[in-house]
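One structure is given here, and the rest of the page talks about it.
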There are 2 protein chains.
Amino acid sequence: MRSYDQYCSVAKSLDVVGDRWTLLVVRELLLQGGSRYTDLLSGLPGISTNLLGDRLRQLEANGLVRREHAPPPVATTLYHLTEVGQELDSVIRALVRFGTRYMADPTSDDEQFRGHWLALPVSELLHDTDPDGPPAVIEIQTGGRPVFVELAAGVVRTTFSAPRDPDLILTGSGQLVLGVLTGQLELTVARGLGLEDEGSAAPLKRLRYDGPRATGIDTAIAKGIPA
Amino acid sequence: MRSYDQYCSVAKSLDVVGDRWTLLVVRELLLQGGSRYTDLLSGLPGISTNLLGDRLRQLEANGLVRREHAPPPVATTLYHLTEVGQELDSVIRALVRFGTRYMADPTSDDEQFRGHWLALPVSELLHDTDPDGPPAVIEIQTGGRPVFVELAAGVVRTTFSAPRDPDLILTGSGQLVLGVLTGQLELTVARGLGLEDEGSAAPLKRLRYDGPRATGIDTAIAKGIPA
DNA sequence: CGGCATCCTCTTTGATACTG
DNA sequence: CAGTATCAAAGAGGATGCCG
């Protein structure tokens with residue numbers, strides 16, 4: 001990217017991460033940790049292979065990404081965020097907070113989705129209102145690998161392997177699951193729109209959402225669903 | 001910008017503000033409030049007139065900017081951030097926090113600077129360590145209109161008109177001033193590099209900087225200054 | 001299959017000129 | 001002042017080929 005040539009903190013940041021796809025590469029590395037080239041490709045649907053290579057090279061040149069030639073058991077290159085790169089998590093979190101308002105909009109037909117992306121709004125915008133309650137786990141099935149939402153000690157975290165047997169399993173589109181988790185979509189309404197749930201709904205009642213609210217999320221979602 | 005077509009909060013944000021120049025337009029509107037087209041042009045050195053027009057139209061279409069046809073005393077169009085647009089301040093602040101690490105680097109010859117940009121790192125990264133002390137004001141002269149840094153009740157704010165007579169006036173490049181304010185550059189060293197100061201240095205000692213630290217800022221700056 | 005490099009087409013940007 | 005019109009150059013996207 002051409003530099004903005006401005007002596008300004010924001011412009012300097014954007015000189016480094018303002019290129020198309022760059023922050024999404026950082027998103028993947030923050031979510032997934034050390035990743036192989038093809039892991040990144042599959043977590044970044046729509047990027048072309050040459051662009052991913054370009055971006056990784058730029059990020060490395062700027063000291064945000066480190067490549068590591070893993071020894072025989074893996075026998076491939078792993079890309080990691082450096083400490084400086086990790087500091088972009090505050091930028092990503094701010095973008096999550098802002099962008100979640102658009103998650104209620106009707107989705108286009110060819111919109112891609114990866115379950116692990118849900119970890120961003122879940123861990124940034126959801127809180128456990130019952131810090132003294134017993135730990136609870138919700139399993140999310142949106143196609144692909146499941147994601148686990150864990151409520152414990154007032155904090156909501158996400159993991160990619162089951163921390164214990166889930167209290168609740170939600171199966172359906174990312175949009176339905178997110179609507180129910182954020183409390184913007186009643187479980188009964190979500191069922192009508194295609195969500196399947198198995199187990200206790202109690203953990204849902206413990207969640208508090210403090211992100212941007214969308215009105216009429218149910219009708220918005222319904223509009224996106226073929227009748 | 002072409003959409004990323006990903007059902008992800010970050011991608012959705014970037015669909016709206018990920019275009020080149022877009023976040024810098026937001027920066028100007030956050031810093032300056034309602035602005036005329038030409039105010040924006042002068043606060044965004046390097047942008048071309050057609051791109052500014054494009055970006056304003058997009059921001060308006062996305063509900064982040066509102067145009068207001070001001071009545072006779074002004075007799076021109078003013079651009080404002082909407083409430084949704086204002087919420088981008090957390091994104092801007094995160095970018096400020098990240099990007100300030102690069103402010104110590106040697107600046108290129110044709111790098112542009114506007115004094116009001118300093119308000120970003122100052123109000124985001126500086127704190128007043130003496131909340132019970134008397135209010136203090138530092139006037140910053142970097143060419144163009146002066147900027148005033150006000151320490152009061154534990155908070156550091158910036159204004160564009162003098163809240164009272166300044167206790168200290170700093171005159172010099174943005175980089176020297178910022179180095180001194182953040183405590184990364186000793187005042188005596190800064191004087192040797194061309195900074196002029198008038199008044200009491202006491203307010204500087206009250207400031208605490210909690211942003212990213214650059215090592216060797218003095219030699220870095222010296223390298224950028226023609227001998 | 002992982003990790004690129006190349007070629008080609010299409011879109012976006014940037015510089016400048018121009019108009020109400 | 002507040003933009004629109006024009007056009008060359010850069011960058012993005014897509015397909016494909018290469019090499020361990």
Side-chain angles (χ1 to χ4, degrees), chain A residues 1-6 11 14-25 28-29 32 34-61 65-80 108 110-112, chain B residues 1-6 11 14-25 28-29 32 34-62 65-80 110-112:
Chain A
M1 157 178 284
R2 189 195 180 115
S3 167
Y4 287 107
D5 264 325
Q6 296 186 355
L14 295 176
D15 279 346
V16 173
V17 299
D19 259 326
R20 185 163 166 78
W21 290 108
T22 300
L23 278 173
L24 294 187
V25 173
E28 286 305 302
L29 292 172
Q32 306 268 35
S35 307
R36 293 173 300 174
Y37 196 83
T38 34
D39 296 336
L40 292 172
L41 273 181
S42 73
L44 293 163
I47 201 174
S48 48
T49 60
N50 50 0
L51 265 200
L52 178 57
D54 270 7
R55 294 299 178 265
L56 286 170
R57 236 173 288 123
Q58 288 179 37
L59 285 166
E60 193 185 4
V65 159
R66 183 172 26 90
R67 45 202 311 159
E68 187 178 289
H69 296 277
V74 188
T76 182
T77 315
L78 286 181
Y79 294 90
H80 289 269
S108 87
D110 40 42
E111 189 164 77
Q112 301 290 308
Chain B
M1 155 178 284
R2 189 192 181 120
S3 166
Y4 286 107
D5 265 323
Q6 296 185 356
L14 294 177
D15 278 346
V16 173
V17 299
D19 259 326
R20 186 162 166 79
W21 290 107
T22 300
L23 278 174
L24 294 187
V25 173
E28 286 303 303
L29 291 172
Q32 308 268 33
S35 307
R36 292 175 301 173
Y37 196 83
T38 36
D39 297 336
L40 292 172
L41 274 181
S42 74
L44 294 162
I47 201 175
S48 48
T49 59
N50 54 355
L51 265 200
L52 177 57
D54 270 7
R55 295 301 178 260
L56 287 170
R57 232 172 293 123
Q58 288 179 36
L59 285 167
E60 193 185 1
N62 288 322
V65 159
R66 182 172 27 89
R67 47 201 310 160
E68 187 178 288
H69 296 277
V74 188
T76 183
T77 316
L78 287 181
Y79 293 90
H80 290 268
D110 40 42
E111 189 163 79
Q112 301 289 310

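The chains referred to below are lettered A, B, ... by the order of the sequence lines, with proteins before strands, and numbering in each begins at 1. A quick note: this is a predicted structure, and the numbers were derived from the prediction, not measured.
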* Indicate, with a heavy-atom threshold strictly under 4.0 Å, whether Ser48(B) touches base, sugar-phosphate, or nothing. => base
* To do: Could you tell me whether the side chain of Thr77(A) reaches within less than 4.5 Å of the side chain of Tyr37(A), counting heavy atoms only?
  => no
* Can you check whether Arg20(A) has a side-chain N or O nearer than 4.0 Å to OP1 or OP2 of dG13(D)? -> yes
* Asked: Would you say the side chain of Gln32(B) lies within less than 4.5 Å of the side chain of Asp39(B), judging by non-hydrogen atoms?
  -> no
* side chain to side chain contact (heavy atoms under 4.5 Å, CB included) with Ser35(B): which of Val25(B), Leu78(B), Leu40(B)? -> Leu40(B)
* To do: Answer yes or no: does a side-chain N or O of Trp21(B) lie under 4.0 Å from OP1 or OP2 of dG14(C)?
  => yes
* Asked: Within the pair Arg55(B) and dT13(C), is there a side-chain N or O less than 4.0 Å away from OP1 or OP2?
  -> yes
* **Whole angstrom value for the distance that separates P of dG3(C) from CD of Glu68(A)** => 13 Å
* Asked: To the nearest Å, how far apart are Ile47(A) CD1 and dA12(D) C1'?
  -> 11 Å
* **Sub-4.5 Å side-chain heavy-atom contact between Glu60(A) and Leu56(A)** => no
* For the pair made of CG in Leu52(B) and P in dG14(C), what is the distance, rounded to whole Å? -> 12 Å
* To do: Could you tell me whether the side chain of Tyr4(B) reaches within less than 4.5 Å of the side chain of Arg20(A), counting heavy atoms only?
  => yes
* Give the rounded distance in Å between these two atoms: CD of Gln112(B) and C1' of dG14(C). => 15 Å
* Asked: When rounded to the nearest 0.5 angstrom, what is the spacing between CG in Leu59(A) and CG in Leu29(A)?
  -> 8.0 Å
* Value in whole Å for how far the P atom of dG20(D) lies from NE2 of His69(A) -> 16 Å
* Distance-minimising heavy-atom pair for Val16(B) and Thr22(B) -> O-CG2, 4.0 Å
* Rounded to whole angstrom units, what separation is found between the CG atom of Leu40(A) and the C1' atom of dG3(C)? -> 12 Å
* To do: In whole angstrom, give the distance that lies between atom CE of Met1(B) and atom C1' of dT13(C).
  => 12 Å
* To do: Please state how far atom CG in Leu51(A) lies from atom P in dC10(C), giving the value in whole angstrom units.
  => 18 Å
Is there any protein nitrogen or oxygen under 3.5 Å from a nitrogen or oxygen in nucleotides 3-7 of chain D, and what are the pairs?
residue, atom, partner, partner atom, Å
dG3(D), OP1, Arg67(B), NH2, 2.8
dG3(D), OP2, Tyr79(B), OH, 2.6
dT4(D), OP2, Arg57(B), NH2, 2.7
dT4(D), O4, Thr49(B), OG1, 2.8
dT6(D), O4, Asn50(B), ND2, 3.2

